[in-house]
Every structure is written in C-alpha cells, then in structure tokens.
Amino acid sequence: MSALGADDVGLVRALERFGIRLLLHPSLSEASGAEALSILEDAAAGRLAVDALCVEGAVMTGPDGSGRFQLMPGDRRPVARWIETLAGRARHVVAVGSCAAYGGIPASGPAAADAVGLHYGGGLLPADFRAAGGLPVINVAGCAPHPGWLVETLAELALSGTCALDSQGRPRFFADHLAHHGCGRNEYYEYKASAAKAGDRGCLMENLGCKATQAPGDCNLRRWNGYGSCTDAGFACVGCTTPGFQDPGAPFQETAKIAGIPVGLPVDMPKAWFVALAALSKSATPQRVRANARADHIVVPPARRPGKTP
Ligand code: SF4
C-alpha cells in the first residue's frame, strides 16, 4: 500500500521513468496462476534475466526449517525455497520493509513460524551471500518503508549498477539521516519542552517514547504522501528501520528511563552532555514554547514587534 502511492504517478509509472519494467507483482500484474508461475520458473531456470528480486514480508522457515508454513499458491513449494533459488539468479536482491530485512513483527516473541528476514543477522540466506551484482541483500527497511526509498533504490541500481549501504545493509541515501531531522517538533526538542500526553504539541522524546534521534531515515525530510510523518501525526517514532525494533522491552509510547533520564539518548552525544544541555535548555524555555508543548493547538503565538519586519 505504501509503494502504490510512490511519487505522484504510482509505483509502476515511477519505475518506468528509470526504464525499469516490472516483470511480476502478485497484486499489480495481470498474470496470475499458471502464467505467473511460468514467469517465476523461467527466472529460476535462468531463461529470464532478473535485475532485482524484491521480497516483501518475513520468510516462514518452520516447521523444522522445512518452510512448509508458507507455500507458494498453486505450486506447493515453500516460499523460502523459491527465494533461495531466485536470489541465486538475480543481479540484486532487495528486502522491502523491516520484516523482509530483519524479521520484523512476525519474528517477535515466541517464534512459532520461525519467521526470519532475508539475510542480515541470521536470515534465510547464508551470511556470506552476495548477489550476482556483488552486493549483500539491500535492506529498504521501515514499517512501512517510504515509497521513495524503494523507487530510489531501484533507480540507483538501474542507473549506476550499485548502491551505497550502511553497516546494516540499508541504502545510505536515506539511512545517513535520522528521523528526527526536520521534525515539526524540533523547536520543542531544542528547549526540552515535552508533550505530557498524546495530542500535545511538544517533543515526544522525554515522555512518549520517541526514538527518532536514534532512528535512521529521512521520513521527516521527504514526508509521506507529500505531507505527513509519524511525529506529524502525533505518534512517537518507534525506530522501525532498525533491527529488533519490534521488541523494545517497554511500551512503544512510553519513554524508558533510569533515574529520570531516557535510556535511548541521541546518537553521537555522551550522556553527561545531554543531561547538561537538557538542564540548560529547560532553564531557557520561552513561555510560548512551554505553554504550547502541553496543548493540542497553539495557545501562545509568537510575539510581534511593532514596526519591525517580518
Ligand atoms: S518528537 Fe521525536 S522527532 Fe520530533 S523533535 Fe522530538 S525527538 Fe525529534
């Protein structure tokens, strides 16, 4: 659903802009049944070249490694075996979403179905797996990933034949940012003017569990559907682009603290600095910012200085 809204033209046309042809998609393709299976069989046999195999969703490897909890419709072969075969043929392998990348929600808790991601950290494919193009599995992580991340990854592969990845296999063009960058609540963050409850306009880090200062992603820079983001909508960032985000060890919308200090502090900042900076910021918080942080609408507008512009 996320990918269908790619750009202003939808996924298929967005890919066509870069000369990319969709060979088969379970929902978008006209081919179904035997026709769809024959496309997969041609790809598996090497009769049909596949530049990028994109996999969405975790792979069920149970019971006992057989993969029979997840069978290909109309074929009855485990999906895990199909993926292994096609990954061995494709020039690039792309995991679309955090479930395909790292296991995600299906890998949470007691693993009855033995759900795994494709590669990173003990996934379906062997640790030394490299696709024919030389790259490990490319993790377009996120729950859901921004549609632009998928289109741009495929575009980069089509145009340059490669894609720069970070240490967890994510394309760097989005993973070198933090979800915190560009958040509409940045002024509240600067002054540590925090929301106390859902609906408040303040920063969500201190009380409501926001992990965006640690979460890779440019979600607040490129926005979704041209406008929104999780924090725009009032939801704390849960760090969905990170392996293991599904098991935070505390409620998603509460900030885990020790001695009143959030456990998850901004990356690149020593704890002592953060504590000192937070104390200084709180002592300097303008009354406007303090009041608005605990309200669901602007209650104190910015001051106007008569005769000055703007
Ligand atoms: S709500 Fe989250 S993303 Fe927004 S400013 Fe606060 S910490 Fe950053």
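Each ligand, and each atom within it, is numbered from 1 in the order the structure gives.
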For residues H146 and F174, establish whether the separation of their ring centroids is below 6.0 Å.
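No, ring centres 6.0 Å or more apart.
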
On the 0 to 90° scale, with breaks at 30° and 60°, tag the F245-F252 ring pair as parallel, tilted or perpendicular.
tilted

Charged N to carboxylate O under 4.0 angstrom, E190 versus R185?
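No, E190 and R185 are not salt-bridged.
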
Note: E206-K282 ion pair, threshold 4.0 Å (strictly below)
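A salt bridge is present here (some side-chain N lies under 4.0 Å from a carboxylate O).
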
Taking atom types as modelled, is there a side-chain donor on S108 or D247 under 3.5 Å from an acceptor on the other?
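Side-chain D/A pair, S108 to D247: present.
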
Quick one: name the protein N/O/S atoms under 2.8 Å from atom 4 (Fe) of ligand 1, chain by chain.
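Protein N, O or S atoms closer than 2.8 Å to atom 4 (Fe) of ligand 1: C183 SG.
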
Under a 4.5 Å cut-off applied to non-hydrogen side-chain atoms, are P145 and L150 in contact?
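Answer no - side chains too far apart.
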
